[in-house]
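Data first, discussion second: the structure below is written as structure tokens.
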Amino acid sequence: MPTTFFGWVAFLIARYGDLFLRGAGVTMLIAGVGTVAGFAIELGVAIVRTARLSAGAGPLRRGALAAAKAMLSVYIEVFRGTPMIVQAMVVYYGALEYLGLDIPAMAAAFLVVSVNTGAYMAEIVRGGILSVDAGQKEAATAVGMTHWQAMTAVILPQAVRNIMPSVGNEFVVNIKDSSVLNVISVTELYFMSKSAAGTYWKYFEVFFITSVVYFVLTFTVTRLLRLVERRLSGGDSYTVYGSQSHTPAEIKVPLAP
Amino acid sequence: MEEMIRIERLEKRFGNNPPVLRGIDLAFQQGEAACIIGPSGSGKSTLLRCINLLERPSAGRVLYRGQDVALLPPQVLHARVGMVFQQFNLFENMSALNNCVAGQRKALGRSRHDSEQKALYYLEQVGMLPYRDARPRQLSGGQKQRVAIARALCMDPDVLLFDEPTSALDPEMVDEVLRVMADLRQRGLTMLIVTHEMAFARDAADRVIFMDEGLVVEDGPPGQLFTAPQNARTAAFLARSLRG
Ligand SMILES: Nc1ncnc2c1ncn2[C@@H]1O[C@H](COP(=O)(O)OP(=O)(O)OP(=O)(O)O)[C@@H](O)[C@H]1O
Ligand SMILES: [Mg+2]
């Protein structure tokens, strides 16, 4: 048996390295799927919440839209107002004990993180939409686009670009916060670490390794997202065409930021 | 000559504020170019916005070729009655070309090829063909407004509403936009133009309408309205704006 701190660290890595790696993989999978799905949920929510019916819409459609908006508000308030660790317990054991559904822990994990992320991103997406000048929505209406068309073709692409940093931030938060899913035995990084630590009673050494792994994950993701953001902000020059024959003239006009 | 737009007893109020439009009756014939002038807050923009239903009238109605606009499918109304905004409102996430293509594709269901042909044609008409790949933020105000006009024309409208199309432009860019608009007049398009450009109203319009406090105060050919206004309020407004 090792006698020093670093001796133990080396020993535990050799012994449980693949456990840490698998745990890290599951963590990344949950955080990735949860962020992307949560983001998709929230974009859909945003389209409904910003919808306004045209003058001719009947009472049925008005009522349906109002009901949908009310339900979405409840969803957002409830999931923002309760801890994710509690949501995981309620979803997992609720399904098991009341619906008779023994859903896999992973499925519960995807569900909880996605829905939770969706609720947290509500305000972010709202802010992103407000950052796009309202005149563009009017112009889209004025060329005959429907609300859905205007949102998907004009408003959301700009809103998404503006909120990309916040989405990346949410991803990082999810990498860390998915650790609470150990309560429903999801085999993510924290759960794996706890198992490894228990065998030799080496909690400090194991969780030292764990924190290094978490940090490497979040740090890498942060850097990668910064690259993606730069991509999304688009090219930095455009070509002025010299004639109608589609020949690009040599003039490349650089973009003032 | 066909009547394109008829406005009947149109009223508009926002919430419990005093009404902004207090009973407007107007009719516009095909090919007419009418300038609407009047002091700030007199309801000019609101009038235009009620015509294409960006605002819902509180009372009265608007007819497009005899049909109540509130009963037309929005896509049809918006294709036939286009609008050009003071702030251009180009789609910032699209090139000049795609600004002109998007509405045709989405609202009219035209093929990409047909939409692009039409877009290129109108971009050329407004002198913006060389900039078809530029993003709005790369264009000057005058260039943006010309793209916005091309975007509206691509929908094959027969009525175009202009809400102060040159007010946000630097003086040296005003003429390039006014020239495009004067061109359009030759094509039989019906144009309703809210403007502070008195010289343009005098030289390029068939008809000038003076609005004040939500009412049409005076309505006549520019020659008459500018040289011999019938109403004291018109005269006072003209005196102020022609001096300034
Ligand atoms: N959405 C709105 N809500 C409340 N009041 C409004 C709204 N839009 C316009 N108004 C009010 O209606 C009145 C007329 O506005 P409108 O924009 O039609 O005037 P205008 O003649 O176009 O003026 P300007 O020359 O300054 O553009 C103003 O007092 C304005 O404050
Ligand atoms: Mg106005």
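More than 12 heavy-atom neighbours from other residues, nucleotides or ligands sit within 6.0 angstrom of NZ on K69(A). Atom CZ of R9(B) has 12 or fewer heavy atoms from other residues, nucleotides or ligands within 6.0 Å. At most 12 heavy atoms of other shown residues, nucleotides or ligands fall within 6.0 angstrom of atom CD in E77(A). Within a 6.0 Å radius of CZ in R22(B), more than 12 heavy atoms belonging to other residues, nucleotides or ligands are found.
Of the atoms belonging to A150(A), not a single heavy atom falls under 4.5 Å from chain B. Interface remark: F91(B) contributes backbone and side-chain atoms alike to the contact with chain A (heavy atom separation under 4.5 Å). Contact of R105(B) with chain A is not made at all, since no heavy-atom distance falls under 4.5 Å.
Residues F85(B) and A142(A) come closest through the heavy atom pair CZ-CB, 3.9 Å. Pairing each heavy atom of A107(B) with each of G144(A), the nearest pair is CB-O, 3.3 Å. Closest of all the heavy-atom pairs between V143(A) and R151(B) is CG1-CG, 4.1 Å.
A donor-acceptor pair is defined here as one N or O able to donate and one able to accept, closer than 3.5 Å; no such pair exists between the side chain of H78(B) and the backbone of M145(A).
Expressed to the nearest 0.5 Å, how far NZ of K106(B) lies from OG1 of T146(A) amounts to 8.5 Å. Atoms CE and CD, from M83(B) and E138(A) in turn, are 7.5 Å apart once rounded to the nearest 0.5 Å. Between the CG atom of L156(A) and the CG atom of N93(B) there is a distance of 10.0 Å, given to the nearest 0.5 Å.
With a 4.5 Å cut-off on side-chain heavy atoms, E92(B) and V132(A) do not count as touching. Side-chain atoms of L90(B) and Q136(A), non-hydrogen and from C-beta on, never get closer than 4.5 Å to each other.
Residues of residues 31-39 of chain A placed with any heavy atom under 4.5 Å of a heavy atom in chain B are absent; none qualify.
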